[in-house]
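Reading through the structure tokens given below for one structure.
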Amino acid sequence: MPELPGLKPGGIAARARAGIAPAGPQASYLSGLNPEQREAVETLEGPLLVLAGAGTGKTRVLTARVAHILASGRAFPSQILVVTFTNKAAREMKDRIQGMVGDQIEGMPWLGTFHSIGVRILRRHHELVGLKSGFTILDTDDQIRLLKQLLAAENIDEKRWPARLLASTIDGWKNRGLSPKDVPPGEGAVFANGKGGMLYAAYQARLKALNAVDFGDLLLEGIRLFRENPDVLAEYHRRFKYLLVDEYQDTNVAQYLWLRLLAQGSKNVCCVGDDDQSIYGWRGAEVDNILRFESDFPGAKVIRLERNYRSTGHILASAAHLIAHNEGRLGKTLFSEGDEGERVSVTGAWDSGEEARAVGEEIEALQRAGHRLSEIAILVRASFQMREFEDRFVTLGMPYRVIGGPRFYERAEIRDALAYLRCVNSTADDLAFERIVNVPKRGIGDATMKQIHDVARAAGVPLQEAARVLTESEELKPKVRGTLRGLIQAFERWREQARIMSHTEIAEIVLDESGYTEMWQKDRSAEAAGRLENLKELVRSMEPFESLPGFLEHISLVMDVDNGAGEDAVQVMTLHSAKGLEFDTVFLPGWEEGLFPHQRALDDQGKAGLEEERRLAYVGITRARASARIWFASNRRIHGMWNSTVPSRFLDELPDAHVQVEESRGGMGWGGSSYGGGGSYGQSRFDRAEPFAASSYSTPGWQRAQTSRARTEAGGGSGGGRGGFSERGGRYDAGAAARRGPMVIEGTLVASSSASSSAFKRGERVFHIKFGYGEITGIDGNKLTVQFDKAGEKRVLETFVEKA
DNA sequence: CTTCCTTAGTTTTTT
DNA sequence: ACTAAGGAAG
């Protein structure tokens, strides 16, 4: 841990007196900033909130601000605290600051994630929070294993009260800055009939006994440290002259408390964020933190960055109009001085297969037109949506890259390998030992483990030591005793070797001699080769580190690895992982009720959930520089069952004037032949044989025909009339429904969810192409609830059924 | 202790 | 429909 250079308070003043002037107007880092950005950079004193809309140059402001602080001689590099959320953001920030200030970046140890800075502080003062030096940081697997033991000890049925649930409950408390004694009794009682609070306390006690902390503790213990040791806090107050926080809308309560304690010193705290891009409420982020900034930090100044440099006019206007449906915003209006560009397109597809096919074709066309694939992204709401696109790309031979998904260090083989290394590194790492004691299979199962545990508890020693003692007794069966002794001796041997060999050599020896590599070599499953490759990659990734402990510390905090980007491929990822990125062309598939907004968000969080989903939609659209292409499918398979779906309400919330509704290109136009001529894409024969051929449904023209027919039959409406935004979720009201036209944008009908009155009656028998025959049990606008004979009750658009 | 079968749960993700 | 994880049987 590099110590800080000695601080000489007089130093800065002296420097200033010596004539190192505040940056002049020519300073290179100021050039090209717009007036608001420049104000945000130059407002150094007092609390400042920079509300930076999507694409308004947020990172630029943060980095220029650091450069400005340094150039004006107001602080040493080591006196600036810069906090980000992710390692990726920290890395990016570091690179960009380096680009502006060069080597001075080396003197900035306090640039990092909340957690990495949290560890750094705890390591320096470990004794004050009851930790020994070299404490370990648990990963989620360790956490679960520990909690399972606690549940077993309390005789709590793990079926009814899963350890995972307890883990996330405790995590939630920690996110809110609650230590065991602070948990409201009522809340603590929710888990396991009143034992939740007690289990939390027991968990914390176990962590202390293991000399370990979890991620939440990195902040929580920091808060406790500061509160209980004013002198320590005062030291940091003196140290941090300027504090900068990125993505402030994502902070949770614990992070806010931690930050507020530190900011009480210099008060020069600058938070940058965008309330409209808060999409992590479900993991504890408090939008309230940013909404309340001005009252939390008295005298705070707020600067809005609203000039967008990323997207064209239509895209920006669409996003702005959509997000305006949210209440409880600080309110920003993005504008751009660029072209209007191309309208946001909305296209319907018959099903998710056609959606993937059509998007694939559009991407091929873009490719032919000279667009780079890496400038094209597909942003989905849920990861299961990715598969269909992947399948399609594989068939097309289209290069693609999935971003996100299981990260490198979370893979089982990597965690196993790391557990071996942790055991070599420390005899006291019980959780690591438990993980690998029987991997590969050695015949050391629950029974033997229980014996080891008993000895360990009785003697108050770690498991490895207990195992060693056991092998010297007569307690174990000879065979087990032999293997266990072999393992223990191997660990001792590796530890010896670790003193003289490099950590990469040791890693190879351990993986080889433990039989772990061999286990995967013998494995005939498809993933085995990849896993072996990952193990090699792991050893490679150790090279830049000085020592084994250094490496282990790093990976406990940095769970991602720089996966070599580079090659030209379509980027496929979730909307969440797209935050902060931008592309020329963005495809946004799956805009259907239930999927987006996701039903669970609505069920669990109600209006707040809906607003967060809407922010997610906003994030999605604003990723696009030149082209945003939204899709919805009328049918989607969820959990293996085909469901008829309804277009997302967010489509209705887009502004007419900036949206272009397009014909699906995947189908063959309408009234035409059967699907793709060959119908070879998973449509059943049945689909093709029907007059309701798949392609026809998806075209706005067909829907317009259907809707106007329905309206005519209901005795109302002028065809193609101008429609307003339809209201959702209301009870069925024939009169109102008849008065409302379907939503029309630029003369083209958008599939609307509750536009016209129904041509159907309750109790009527109907036929659906996918679900077969059924009886109508309910009508809501143009949505029917049908009890199908075979498929059960479904909600379907009336345009997809015919009278039986 | 291992193997096979049943069962439950399938939004988003970082540290 | 699928998978992963946990429990019962061998």
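Chain A is the first sequence line, chain B the second, and so forth, proteins listed ahead of strands; every chain is numbered from 1.
Rounding to whole angstrom units, CD of residue A:Q255 and P of B:dT15 are separated by 11 Å. Protein atom CG of A:L595 is 13 Å distant from nucleotide atom C1' of B:dT10, rounded to whole Å. Atom-to-atom, CD of A:Q385 to C1' of B:dT10 comes out at 14 Å; the value is rounded to the nearest Å. Rounding to whole angstrom units, CG of residue A:D604 and P of B:dT12 are separated by 14 Å. Going from atom CD of A:Q599 over to atom P of B:dT12 covers 16 Å, rounded to whole Å. Distance, A:R442 CZ to B:dT2 P: 11 Å, rounded to whole Å. The distance from atom CD1 of A:I638 to atom C1' of B:dT10 is 11 Å, rounded to the nearest whole Å. Taking atom CG of residue A:L379 and atom C1' of nucleotide B:dT12, one finds them 13 Å apart after rounding to whole Å.
Picking from B:dT10, B:dT15, B:dT2 the nucleotide with the shortest atom distance to the side chain of A:R600 gives B:dT10. Distances were taken from every side-chain heavy atom of A:F215 (C-beta onward) to each of B:dT13, B:dT11, B:dT15; the shortest belongs to B:dT15. Closest to the A:N87 side chain, of the nucleotides B:dT15, B:dT11, B:dT13, is B:dT15. Candidate nucleotides B:dT15, B:dT13, B:dT11 were compared by shortest atom distance to the side chain of A:H576, and B:dT13 ranks first.
OP1 or OP2 of B:dT2 lies within a sub-4.0 Å distance of a side-chain N or O belonging to A:N438.
A:L218 comes within 4.0 angstrom of nothing in the nucleic acid, heavy atoms only. Residue contacts for A:D446: at a heavy-atom cut-off of 4.0 Å it reaches the sugar-phosphate backbone alone, with no base atom in range. No contact: A:D214 has no heavy atom under 4.0 Å from any strand. Note on A:S383: only backbone sugar-phosphate atoms sit closer than 4.0 angstrom, heavy atoms only; bases stay farther off.
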Tabulate protein N/O versus nucleotide N/O from nucleotides 1-9 of chain C, keeping only pairs under 3.5 Å, one per line.
{"residue": "C:dG6", "atom": "OP1", "partner": "A:K148", "partner atom": "NZ", "Å": "2.9"}

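Screening A:E593, A:E354, A:E592 for a salt bridge (charged side-chain N to carboxylate O under 4.0 Å, His left out) involving A:R636 leaves a single residue, A:E592. Here the options are A:L257, A:N175, A:N289, the test is side chain to side chain contact (heavy atoms under 4.5 Å, CB included), and the partner is A:N252; only A:N175 passes. Checking A:R206, A:K148, A:R422 one by one against A:D142, the salt bridge (charged side-chain N to carboxylate O under 4.0 Å, His left out) holds for a single residue, A:R422.
Taking atom P on both nucleotides, B:dT13 is separated from C:dC2 by 23 Å, rounded to a whole Å.
Aromatic stacking is not marked for A:H115 over B:dT15, as the cut-offs of 5.5 Å for the centres and 30° for the planes do not both hold. Ring-to-base geometry does not place A:W282 in a stacked arrangement with B:dT11 (centre distance under 5.5 Å, plane angle under 30° required).
Between A:V480 and A:L616, the residue anchored nearer the 5' end of DNA chain B, judged by the nucleotide with its closest heavy atom, is A:V480. If A:T448 and A:R283 are placed on DNA chain B by their nearest nucleotide, the residue sitting closer to the 5' end is A:T448.
In this structure, A:D416 and A:R435 have side chains that are in contact, with non-hydrogen atoms separated by less than 4.5 Å.
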request  = Please test A:R145 against A:D141 for salt bridge (charged side-chain N to carboxylate O under 4.0 Å, His left out), starting from the C-alpha separation and ending with a verdict.
outcome  = CA-CA 6 Å; A:R145 210 163 324 116; A:D141 285 9; 5.1 Å; no
query = Yes or no on salt bridge (charged side-chain N to carboxylate O under 4.0 Å, His left out) for A:D454 and A:K450, after CA distance, side-chain angles and deciding distance?
reply = CA-CA 6 Å; A:D454 289 344; A:K450 187 171 182 311; 3.2 Å; yes
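Between A:F215 and A:H115, the angle of the ring planes goes over 60°, which puts this pair in the perpendicular group of the 30/60° scheme. Using the six-membered ring where Trp is involved, A:W258 and A:F226 have ring planes that are tilted, between 30° and 60° apart.
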